[in-house]
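Since the model is a prediction, treat every value here as computed from it, not as a measurement. Chain naming here is simple, since letters A, B, ... match the order of the sequence lines and numbering starts at 1 in each.
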Number of protein chains: 2
Amino acid sequence: MSSGDVQTSEAERAVTASAGGPDGGAHVRPMRADAMKNRLRILDAAEAVFAAEGLSVPIDVVAERAGVGVGTLYRHFPTKEAMFEAIVITRLQELVAMANEAEAADDPGEALFSFLRELGNQASTKHDLLDALAVAGVDIKSRCATTFEDLQTGIRRLLDRAAACGAVRDDVTTAEVTGLVVGACHAAGQAGLGVTPDRMIDVVCDGLRRGAGHP
Amino acid sequence: MSSGDVQTSEAERAVTASAGGPDGGAHVRPMRADAMKNRLRILDAAEAVFAAEGLSVPIDVVAERAGVGVGTLYRHFPTKEAMFEAIVITRLQELVAMANEAEAADDPGEALFSFLRELGNQASTKHDLLDALAVAGVDIKSRCATTFEDLQTGIRRLLDRAAACGAVRDDVTTAEVTGLVVGACHAAGQAGLGVTPDRMIDVVCDGLRRGAGHP
DNA sequence: GTATATTCGGAGCGGTAGTTCCGGTTGATA
DNA sequence: TATCAACCGGAACTACCGCTCCGAATATAC
């Protein structure tokens, strides 16, 4: 249950630190006002642009949208991937929290299914989250790895609980379920064939229901 | 029913033309022996490399594997995409033929499901096919478009037939079914999480079975 | 054997994208 | 207000990739 506290670097938490007030460590002088303003603008721009275009968007686009030069951008984030992680990790945390909440629901089956639907909504709305989930497991590097494992754990709990009460089949893995949902979103993301992930996820949920073994 | 005859350019069919013997048109002198040998080596290398690495592989890799320079490669194929199409289109044609065969099967439901399983096998084995199917509908350009539409039609027939006899639900589209299968393969293609598409496609098939309306 | 058109090969061009560097600017401090 | 460290901006550097170009090599025809 280490999903609550997150590893954030000194530089990045400086925003909330000086925004929320003086924290314990006084040895780091607060960030300059213009620097902090720019940092927030960069984060806003990055969130919007990454959500709309995904990870493949050039970094200049983020800089332009934020009204900032690329140099400024690299002052705040050592690399493009670091910036990407800063955005994605909060999205993952939201999902983790959602999964933990769902665990308290009465109907284990419906708890799993509604979470999967929400996962589909998020993944098809935020293109960067979709990208992150699609390659999760490839490059296990980055701070996202921990949070992603938390998400995996949360989904596994939902899945196990639903399987234990016979709501879904018990021979599917967490990776397979997430793979199906993320895959559906990936297909839905393609323009030109007018497909929404909703019905595809319905099909997946129905498929999970079928063949449920021991009630 | 135009899935049998395929549009091939003059240059590309020259291989089979001069290999099989003199054809009708005598105004085109047969390709030089070394050129033909290289063309075949390029096609072999391209198929292997694209299957293993997908479309994103640099063209130098194909050239190196074929033991030729990139200049030679571009002599035979005007662009990288053309080479890619030359490989993918035959794969698509195989799938179209498979879909047409499946239409003659006794059990419409099982015909659809076994085809989807085979589609999954192909897509997860040949990485280039997966790439092509994943972006099908985005760039409707290229000669693949026609063949891809043939494939869509074939799948639609299987789907309609299965829905008509009540084997599967009747509210899903062809794009959704292919999206689910291709999405599953996409997830399975990620190394590190050890997932095969088989069981995911099983889940999809079960999901299609459920909610079948009018038998 | 010679002539010639065809083909080969890979250095190089142009464009893209991530990252660095440094002169100019500006907010914080006294 | 004056001083200075921190910060800004974008030109430039590096790496990569698709593609072109042209002198060298060679298969084919006579």
Side-chain angles (χ1 to χ4, degrees), chain A residues 10-12 14-15 17-19 22 26-43 45-46 49-50 53-86 128 131 139 141-142, chain B residues 10-12 14-15 18-19 22 26-43 45-46 49-50 53-87 128 131 139 141-142:
Chain A
E10 200 75 4
E12 289 179 25
V15 176
S18 48
H27 60 287
V28 279
R29 127 167 51 184
M31 187 178 276
R32 235 170 68 174
D34 55 344
M36 201 176 85
K37 190 193 69 179
N38 276 338
R39 163 171 272 268
L40 292 179
R41 293 177 65 179
I42 289 170
L43 280 172
V49 170
F50 281 148
E53 312 277 353
L55 176 56
S56 61
V57 67
I59 224 164
D60 309 31
V61 176
V62 177
E64 191 182 14
R65 169 127 183 184
V68 163
V70 287
T72 305
L73 204 147
Y74 274 97
R75 169 168 303 277
H76 289 282
F77 298 96
T79 180
K80 178 187 179 180
E81 195 180 324
M83 187 169 54
F84 184 68
E85 289 170 6
D128 54 343
D131 286 357
D139 39 4
K141 64 195 169 191
S142 85
Chain B
E10 201 74 4
E12 289 180 24
V15 176
S18 47
H27 61 288
V28 278
R29 127 166 53 181
M31 186 178 279
R32 235 169 70 172
D34 55 343
M36 200 176 86
K37 191 193 67 181
N38 276 338
R39 162 171 273 265
L40 292 179
R41 293 177 65 179
I42 289 170
L43 280 172
V49 170
F50 281 147
E53 311 276 355
L55 175 57
S56 61
V57 67
I59 224 165
D60 309 32
V61 177
V62 177
E64 191 181 15
R65 168 127 182 184
V68 283
V70 287
T72 306
L73 203 147
Y74 276 96
R75 169 166 303 277
H76 290 282
F77 298 95
T79 180
K80 180 187 180 181
E81 195 180 323
M83 187 169 54
F84 185 68
E85 289 170 6
I87 304 294
D128 54 343
D131 285 358
D139 39 2
K141 62 195 171 190
S142 86

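- As a whole-Å value, the separation of B:Ile42 CD1 from C:dG9 C1' is 12 Å.
- In terms of heavy-atom proximity, A:Tyr74 sits nearest to A:Ile59 at OH-CD1, 3.4 Å.
- Distance check: A:Lys37 NZ to A:Met31 CE gives 13.5 Å after rounding to the nearest 0.5 Å.
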Protein-nucleotides 27-30 of chain D N/O pairs closer than 3.5 Å?
unit_1	atom_1	unit_2	atom_2	d
D:dT28	OP1	B:Ala33	N	3.1

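- Between B:Asn38 and B:Arg41 there is a side-chain heavy-atom pair separated by less than 4.5 Å.
- A:Arg65 approaches A:Val49 most closely through the heavy-atom pair CD-CG2, 3.7 Å.
- When all heavy atoms of B:Ala63 and B:Val70 are compared, the pair lying nearest together is CB-CG1, 3.9 Å.
- Minimum heavy-atom separation, B:Ala86 to B:Phe77: CB-CE2, 3.9 Å.
- For the OP1/OP2 pair of C:dT7 and a distance below 4.0 Å, the side-chain nitrogens and oxygens of B:His76 include no atom meeting the criterion.
- Considering all non-hydrogen atoms of both residues, A:Leu55 and A:Asp131 come closest at N-OD2, 2.9 Å.
- Summarising the geometry, the separation between CG on A:Leu73 and P on C:dC21 is reported as 17 Å, rounded to the nearest angstrom.
- Between B:Phe50 and B:Phe84, the shortest heavy-atom contact is CE1-CA, 4.0 Å.
- An angle of 0°, rounded to 10°, separates the two end axes of the helix from C:dG1-D:dC30 to C:dA30-D:dT1, each defined over five pairs.
- Rounding to whole angstrom units, NZ of residue A:Lys37 and C1' of C:dT26 are separated by 11 Å.
- Between A:Leu73 and A:Met83, the closest side-chain pair of non-hydrogen atoms falls below 4.5 Å.
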Each nucleotide in nucleotides 9-24 of chain D should get exactly one letter: B, S or -. Can you fill that in based on protein heavy atoms under 4.0 Å? BBB-----SSBB----
